[in-house]
Amino acid sequence: MARIVQMLDGVATTQFEIDKPEIRIGRSPECDVFIDDTSVSNLHCVIETVAATDENQPPEYHIRDLDSTNGTYVNIDRVQKARLVHEDVIRVGLKNFKFVDEQSASEVKTARIKKSWIPGVYYTKDNKP
């Protein structure tokens, strides 16, 4: 199941499951994800679950801006509508969220840790398929 995770200085603080067809994000208390921040519109954006046409495929998730004052951002781009993929960063007002899709997360390979020639210094190296 997919979720968005609120991030504060690189640390996950709050998780919100995407467990229904639409998740509303905004400053209004009626929103599924309530953000008490004046830089966020009352109804800022919505995350929509789109069922796959093939039952063997996972659903897709799209974010749509609801004509907010300050816009909705995915990674660094301001979007009106965008498809979300695992580890996208969503910015709503001054708040950042990471999109986590467990079904596509399993497809991401684990990075190997390598020891450098400098004592106590390690780095990661991506595996090439």
Side-chain angles (χ1 to χ4, degrees):
M1 177 174 292
R3 64 184 177 272
I4 57 172
V5 181
Q6 187 171 0
M7 305 298 289
L8 181 63
D9 296 329
V11 177
T13 59
T14 310
Q15 296 187 57
F16 302 93
E17 298 289 332
I18 302 174
D19 55 0
K20 52 188 185 176
E22 282 191 354
I23 301 293
R24 296 173 302 155
I25 301 172
R27 198 174 68 225
S28 171
E30 288 86 34
C31 288
D32 302 298
V33 178
F34 169 67
I35 303 173
D36 188 16
D37 181 346
T38 56
S39 67
V40 176
S41 296
N42 284 330
L43 294 173
H44 198 97
C45 62
V46 64
I47 296 177
E48 302 167 322
T49 304
V50 180
T53 54
D54 181 3
E55 64 185 42
N56 297 326
Q57 295 294 320
E60 289 184 359
Y61 300 93
H62 295 230
I63 191 165
R64 183 169 44 92
D65 186 75
L66 298 174
D67 295 324
S68 64
T69 302
N70 292 311
T72 301
Y73 290 79
V74 175
N75 300 317
I76 60 170
D77 300 319
R78 186 173 181 159
V79 297
Q80 284 299 323
K81 184 173 184 176
R83 180 173 181 252
L84 295 172
V85 295
H86 180 63
E87 294 194 348
D88 272 346
V89 175
I90 301 165
R91 183 166 61 84
V92 176
L94 299 173
K95 305 296 182 198
N96 288 317
F97 298 86
K98 183 181 278 191
F99 176 73
V100 178
D101 185 359
E102 293 170 354
Q103 289 181 328
S104 53
S106 62
E107 299 171 6
V108 177
K109 290 186 175 183
T110 302
R112 291 199 178 271
I113 297 175
K114 303 283 185 178
K115 184 176 181 182
S116 76
W117 61 273
I118 303 169
V121 176
Y122 297 87
Y123 64 98
T124 59
K125 183 175 181 182
D126 293 335
N127 290 337
K128 303 286 185 211

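Here the CD1-CD1 distance, from I23 to I47, works out to 7.0 Å after rounding to the nearest 0.5 Å. Here the CD atom belonging to E48 is positioned 4.0 Å from the CZ atom belonging to R64, to the nearest 0.5 angstrom. In this structure, the separation between CD1 on I90 and CE on M7 is 12.0 Å, given to the nearest 0.5 Å. Distance check, rounded to the nearest 0.5 Å: CG of D101 to CG of L84 gives 9.5 Å. Atom NZ of K95 and atom CD1 of I25 lie 13.5 Å apart (nearest 0.5 Å). The distance from the NZ atom of K98 to the NE2 atom of H86 is 7.5 Å, given to the nearest 0.5 Å.
The two residues D65 and H44 have their closest heavy-atom pair at OD1-O, 3.5 Å. Across every non-hydrogen atom of G93 and S39, the tightest pair is CA-OG, 3.4 Å. Taking each heavy atom of V85 and F99 in turn, the nearest pair found is O-CD2, 3.2 Å. Nearest heavy-atom pair, G26 versus C31, reported as atom, atom and distance to 0.1 Å: N-SG, 3.6 Å. Here the closest non-hydrogen pair linking V50 and H62 is CG2-CD2, 3.7 Å. When every heavy atom of D32 is checked against every heavy atom of E22, the shortest pair comes out as OD2-O, 3.7 Å.
In this structure, the side chains of Y61 and I18 come closer than 4.5 Å at one or more pairs of heavy atoms. In this structure, the side chains of R3 and V5 come closer than 4.5 Å at one or more pairs of heavy atoms. Proximity of I35 to F97: side-chain heavy atoms (C-beta onward) are separated by under 4.5 Å at one or more points. Residues K81 and I63 have side chains not in contact (no heavy-atom distance under 4.5 Å, counting atoms from C-beta outward).
When the side chains of ILVMFWY residues are joined at heavy-atom separations under 4.5 Å, either directly or via intervening members, V92 and F16 end up in a single hydrophobic cluster. In this structure, V33 is not a member of the same hydrophobic cluster as L66, with clusters built from ILVMFWY side-chain heavy atoms closer than 4.5 Å. No chain of hydrophobic side-chain contacts below 4.5 Å, direct or via other Ile, Leu, Val, Met, Phe, Trp or Tyr residues, connects V40 to L43.
Side chain of N75 to backbone of V89: a donor-acceptor contact under 3.5 angstrom is found. A donor-acceptor pair is defined here as one N or O able to donate and one able to accept, closer than 3.5 Å; such a pair exists between the side chain of T13 and the backbone of Q6.
Dense packing is recorded around CD1 of I118, with more than 12 heavy atoms of other residues, nucleotides or ligands lying under 6.0 Å away.
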